[in-house]
2 protein chains.
Amino acid sequence: MAETLTATALTLKDIAREAGVSLATVDRVLHNRPGVRPDTVRRVQAAIERHSFQPHVAAAELARGRARRFAFVMPSGPNPFMQQIEAYLGEMSTWLSARRLSVETVRTDVFDPSVLAGSLEALSGDYDGVAMVALDHPSVRAAINDLVDAGTKVVTLVSDVPSSRRHHYVGIDNIAAGRTAGALVGRLAGQKSGKVAIVAGSQGLRDHAERIFGFNQVMASEFPGLSVLPVLEGRDEDDRSEQALARLLGKHGDIVGLYNVGAGTQGVAKALSEAARDKVVFVGHDVTVLTRRLLLQGVMDAAISQNPGHEARAAVRVLLALARGEPILREQEKIRIDIVMRDNLP
Amino acid sequence: MAETLTATALTLKDIAREAGVSLATVDRVLHNRPGVRPDTVRRVQAAIERHSFQPHVAAAELARGRARRFAFVMPSGPNPFMQQIEAYLGEMSTWLSARRLSVETVRTDVFDPSVLAGSLEALSGDYDGVAMVALDHPSVRAAINDLVDAGTKVVTLVSDVPSSRRHHYVGIDNIAAGRTAGALVGRLAGQKSGKVAIVAGSQGLRDHAERIFGFNQVMASEFPGLSVLPVLEGRDEDDRSEQALARLLGKHGDIVGLYNVGAGTQGVAKALSEAARDKVVFVGHDVTVLTRRLLLQGVMDAAISQNPGHEARAAVRVLLALARGEPILREQEKIRIDIVMRDNLP
DNA sequence: CTCAAAATGAGTTGCGTACCTCAAAACACC
DNA sequence: GGTGTTTTGAGGTACGCAACTCATTTTGAG
C-alpha cells in the first residue's frame with residue numbers, strides 16, 4: 001500500500017561512467033558547449049534519459065556563484081492592483097534572499113509604447129529575467145524580442161503581448177473573464193428582460209476589449225431577453241465613470257445589470273446609490289479595499305478577480321525555472337479566474 | 001524609479017567575524033547545539049539579525065547529504081478528489097527529484113480511527129514530514145502528537161484535526177464553503193419562496209457537518225423565504241443519494257434549490273433528470289470529470305471547489321519549509337474556495 | 001602519410017554550509 | 001592553587017556541480 005516518487009541518488013559521475021565518457025564531456029553536453037561529436041552527445045543523452053537523471057538543483061545553484069537578477073517592469077501610475085503585486089513581491093524577500101535572488105522593480109509609463117520600449121532596452125544584458133506589464137505594440141514587441149535574443153528570459157504579466165517571442169504569460173484569459181461576468185450578471189439578475197450597462201476604461205485597451213467581447217458573447221447567446229447598452233468609457237476614472245453612468249441610469253429605468261470592466265469602481269458605486277438603484281446587479285473586477293467593502297455592503301454582487309499574490313509569485317517562479325532550465329509547472333502557474341462573492345472573500 | 005529586494009551576499013564566515021567568534025560557534029548557535037554561553041548566543045544572534053542574514057538554502061541543502069523523505073497518508077477508497085491529489089503529486093516528480101526529495105504515498109482506511117492511528121505510528125522515525133487526510137478522533141490526535149514529539153513535521157490535508165499539535169492545515173474553511181453554497185443557491189434561485197434540499201454523505205463527517213452549518217446560516221439570515229428541508233444522507237454513494245432524493249422530489253413539488261455537500265453527484269443528477277426537474281438550482285462540490293460535464297450541460301449551476309493540485313503542491317512546500325526551518329508563505333499556501341461555473345471552468 | 005583541427009580525458013578550484021574532531025582556553029568550585 | 005567542567009577555536013571533510021585548463025587522442029582533409 002505504498003508508492004514512492006523520485007529520489008534517484010545518481011550524480012554526474014555516474015552518468016559519465018554509464019556513457020563511457022569523462023565528467024568534462026557530460027558537462028559539455030549538459031550545457032550545450034561546443035566540441036562534442038554528435039554521436040557522443042547522443043550517447044550521453046541516452047544515459048541521462050535512461051536513468052531520468054536530474055542535476056541536483058542545490059548543487060548547481062551553489063556552483064554557479066553569481067546570483068540571479070530579475071527585473072519587474074511595472075506601470076508608474078497609482079493602480080491599486082499593481083501596487084498589490086509589488087507588495088506581494090516585497091513579502092517574498094526572505095524567500096528570495098535565502099536563494100540569493102535579487103528582484104528589482106522598475107516603474108515606467110507602460111502606456112506609452114516608445115517609453116516602454118526604451119525602458120526595456122535599458123535593461124538589456126543586466127538581467128537574467130524580466131517580467132513586465134506590457135502594451136501590445138510593434139515597438140514593444142521588438143524590444144521584447146531583442147531581450148529574448150540577448151538570452152534574457154521574458155515573462156509578460158497581467159497583460160500579454162502574444163505576438164512577441166516572450167517565454168511565458170502570467171495572467172488570465174480576459175475573454176473567459178468577460179464570459180464569466182456575463183454569466184453572473186445574467187444569472188443573478190434573474191429577470192427575463194431588461195437592459196444591461198457596461199462601464200469600461202477604454203475599448204482601446206486590449207484586456208478591456210477582450211472582456212467586453214466575452215461578456216457580449218454570453219449575453220447574446222444565453223440571455224437574449226437582456227439587451228446590452230452601448231459601452232460607457234470612463235477611462236478608469238471615478239468622476240468620469242460616475243457622470244456617464246448617472247446619465248445612463250436617468251435615461252433607462254429598466255436597467256437590471258451592470259458590468260464594470262476596469263477601475264473607476266468608486267464612481268460607479270456612487271452613481272448607483274445616488275440614483276437609488278441598488279437592485280441593479282453589479283459585477284466588477286478585482287478584490288481591493290474598496291470592492292471588498294462594496295461586496296460586504298451588498299452594493300456589488302460579485303467581483304471577477306485574479307490573485308495578485310499568485311501573479312507575483314508565479315512570475316518569479318517561472319523566471320527562475322526558465323533561468324535554471326527547469327520545466328514549468330503549468331498547472332501551478334496558471335492564473336485562475338476567481339469569482340468572489342461576499343461569502344468567499346479571501 | 002527602481003527598487004531592489006534582497007541579495008545579501010553575506011556568509012556564515014562574515015557573521016562569525018562580526019560577532020567575534022569562530023565559525024564553529026556560529027554553527028552551534030544556528031542549530032541550537034549545546035555548549036555556548038547564553039551571552040555568546042546573544043552576540044551571534046545580534047550579528048545575524050543586524051544584517052538579516054539568511055543561510056544559503058542551496059548550500060545548506062547540499063551539505064546535509066541525506067535526502068528528505070515525506071509520506072502522504074491517503075484514503076484507500078476510490079475517491080476521485082483524492083485520486084486527483086495523488087495524480088498531481090505524480091506530476092511533481094521532476095521537481096521533486098531535482099531537489100532530492102522523496103514522497104511516498106501510503107493508503108489506509110482513514111475512516112477507522114484505530115487503523116489510521118496505527119498507520120501513523122508505523123511511520124514514526126522514518127520520515128522528515130507527513131501529510132495526512134485525517135479524521136478528528138482522540139486516538140488519531142494522540143498519534144499525530146507522537147509524530148510531532150518525535151520531530152516529524154505534520155500537515156493535515158483536506159480535513160483538519162485542530163485539537164492536535166499538527167504544524168499546519170492545508171485545506172479550506174468548510175463553514176465558509178457552506179456559506180458560499182448557500183449564497184449561490186439563494187441568489188441563483190431568484191425566487192422569493194420555495195424549498196431547498198440538502199444531500200450529504202453523513203452529518204457525522206466533520207467537513208460535511210461544517211458545510212451544512214454554514215449553508216443553513218446563510219439561508220436563515222438572507223433567504224428567509226426559502227425553507228431548508230431535512231438533510232438527506234447518501235453516504236457519498238450514487239444509488240443511495242439518488243433514491244433518497246427521488247423520494248423527496250416526489251413529495252415536494254416546490255423545491256427550487258439543491259445543495260449536494262459531498263460525493264454521490266451522479267445519483268443526484270440522475271434523480272433530478274428523471275424527475276424532469278432541471279429548473280432546480282443545483283450546487284455541488286469539486287471539479288471532476290463528472291461535475292465538469294454536468295456544468296457544461298447546465299445540469300449543475302455551480303461547483304464549490306478546492307484546487308487539488310494546489311493542495312498537493314502546498315502540502316509538499318509546507319513540509320519542505322518546515323523541515324528547513326524556513327518561514328511559510330501563508331498567503332501562498334492558503335487554499336481558496338473557488339466558485340466554478342460553466343464559463344470559468346479551469 | 002602528414003598535419004592541423006576537433007574531440008576528449010583528467011584534473012583542479014570554489015561555491016556555502018553541515019557535521020565532526022581535537023586541543024586550548026576560560027571558568028567554577030573546593 | 002589545583003581540579004574538573006564548560007566553552008571556544010581551528011581545522012578538516014564532504015556534498016554535487018560549474019567552469020576552467022591543459023595534455024592527449026582521434027579525426028578528417030589534402
Side-chain angles (χ1 to χ4, degrees), chain A residues 6-45 47-48 51 53-68 97-101 128 151 323-326, chain B residues 6-45 47-48 51 53-68 96-101 128 323-326:
Chain A
T6 88
T8 32
L10 292 184
T11 73
L12 279 184
K13 214 186 297 181
D14 300 311
I15 298 301
R17 191 165 9 87
E18 267 279 319
V21 301
S22 77
L23 256 175
T25 302
V26 176
D27 183 72
R28 289 181 184 113
V29 172
L30 219 53
H31 301 89
N32 0 282
R33 285 190 249 274
V36 184
R37 229 173 317 159
D39 180 59
T40 313
V41 172
R42 252 175 270 121
R43 259 179 33 236
V44 173
Q45 283 173 341
I48 289 178
H51 302 305
F53 168 78
Q54 293 272 119
H56 191 323
V57 166
E61 206 60 23
L62 187 56
R64 57 187 310 282
R66 4 169 223 135
R68 299 183 196 274
S97 75
R99 287 159 184 74
R100 299 299 186 269
L101 300 175
D128 299 286
R324 286 178 174 167
E326 276 191 310
Chain B
T6 88
T8 33
L10 292 184
T11 73
L12 278 184
K13 215 186 295 182
D14 301 311
I15 298 300
R17 190 162 11 84
E18 266 279 319
V21 299
S22 76
L23 252 177
T25 302
V26 176
D27 183 74
R28 288 179 186 117
V29 172
L30 218 54
H31 301 88
N32 0 281
R33 283 191 250 273
V36 184
R37 231 174 313 161
D39 180 58
T40 312
V41 172
R42 250 173 273 122
R43 255 174 42 230
V44 173
Q45 283 172 341
I48 288 178
H51 302 320
F53 167 80
Q54 294 272 120
H56 191 323
V57 168
E61 208 61 22
L62 186 57
R64 287 185 90 243
R66 26 193 194 114
R68 299 184 196 275
L96 291 169
S97 75
R99 286 159 185 75
R100 299 299 187 267
L101 300 175
D128 300 286
R324 286 177 174 167
E326 275 191 312

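For the numbers below, each heavy atom of this structure counts, side chains included, while hydrogens, waters and symmetry mates do not. In the text below, chain A, chain B and the rest are named by the order of the sequence lines, each starting its count at 1.
Phosphate proximity of D:dG11 to B:Ser22: absent, as no side-chain N or O sits under 4.0 Å from OP1 or OP2.
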Between the protein and nucleotides 16-18 of chain C, list every N/O to N/O distance that falls short of 3.5 Å.
residue : atom : partner : partner atom : Å
C:dT17  : OP1  : B:His56 : N            : 3.2
C:dT17  : OP2  : B:Leu12 : N            : 2.6
C:dA18  : OP1  : B:His31 : NE2          : 2.9
C:dA18  : OP2  : B:His31 : NE2          : 3.4

Under 3.5 Å between N/O atoms: give me all the protein pairs with nucleotides 25-28 of chain D, atom names plus distance.
none

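The distance from the OG atom of B:Ser97 to the NE2 atom of A:His56 is 10.5 Å, given to the nearest 0.5 Å.
Contacts of A:Arg324 classified as side-chain hydrogen bond (donor to acceptor under 3.5 Å, both in side chains), with partners at least two apart in sequence or in another chain: A:Glu61. In this view, B:Thr11 and B:Asp14 satisfy the side-chain hydrogen bond (donor to acceptor under 3.5 Å, both in side chains) rule, not counting sequence neighbours. Partners of B:Arg33 under the side chain to side chain contact (heavy atoms under 4.5 Å, CB included) rule, at least two apart in sequence or in another chain, are B:Asp27, B:Arg28, B:His31. B:Asp39 meets the side chain to side chain contact (heavy atoms under 4.5 Å, CB included) test with B:Arg42, B:Arg43; sequence neighbours excluded. Contacts of B:Arg64 classified as side-chain hydrogen bond (donor to acceptor under 3.5 Å, both in side chains), with partners at least two apart in sequence or in another chain: none. Every residue two or more places apart in sequence or in another chain that forms a side-chain hydrogen bond (donor to acceptor under 3.5 Å, both in side chains) with A:Glu326 is listed here: B:Arg99. Taking B:Leu12 as the reference, B:Leu23, B:Val26, B:Leu30, B:Phe53 meet the side chain to side chain contact (heavy atoms under 4.5 Å, CB included) condition, with sequence neighbours excluded.
Using the Watson-Crick or G-U wobble rule with both distances under 3.5 Å, D:dG12 pairs with C:dC19.
Between A:Asn32 atom CG and D:dA18 atom P there is a gap of 12 Å when expressed in whole angstrom units. In this structure, A:Arg43 atom CZ and C:dT8 atom C1' are separated by 11 Å, rounded to whole Å. Straight-line distance from the CZ atom of B:Arg99 to the P atom of D:dG16: 17 Å, rounded to whole Å. As rounded to whole Å, 15 Å separates atom C1' of C:dC15 from atom CD of B:Glu61.
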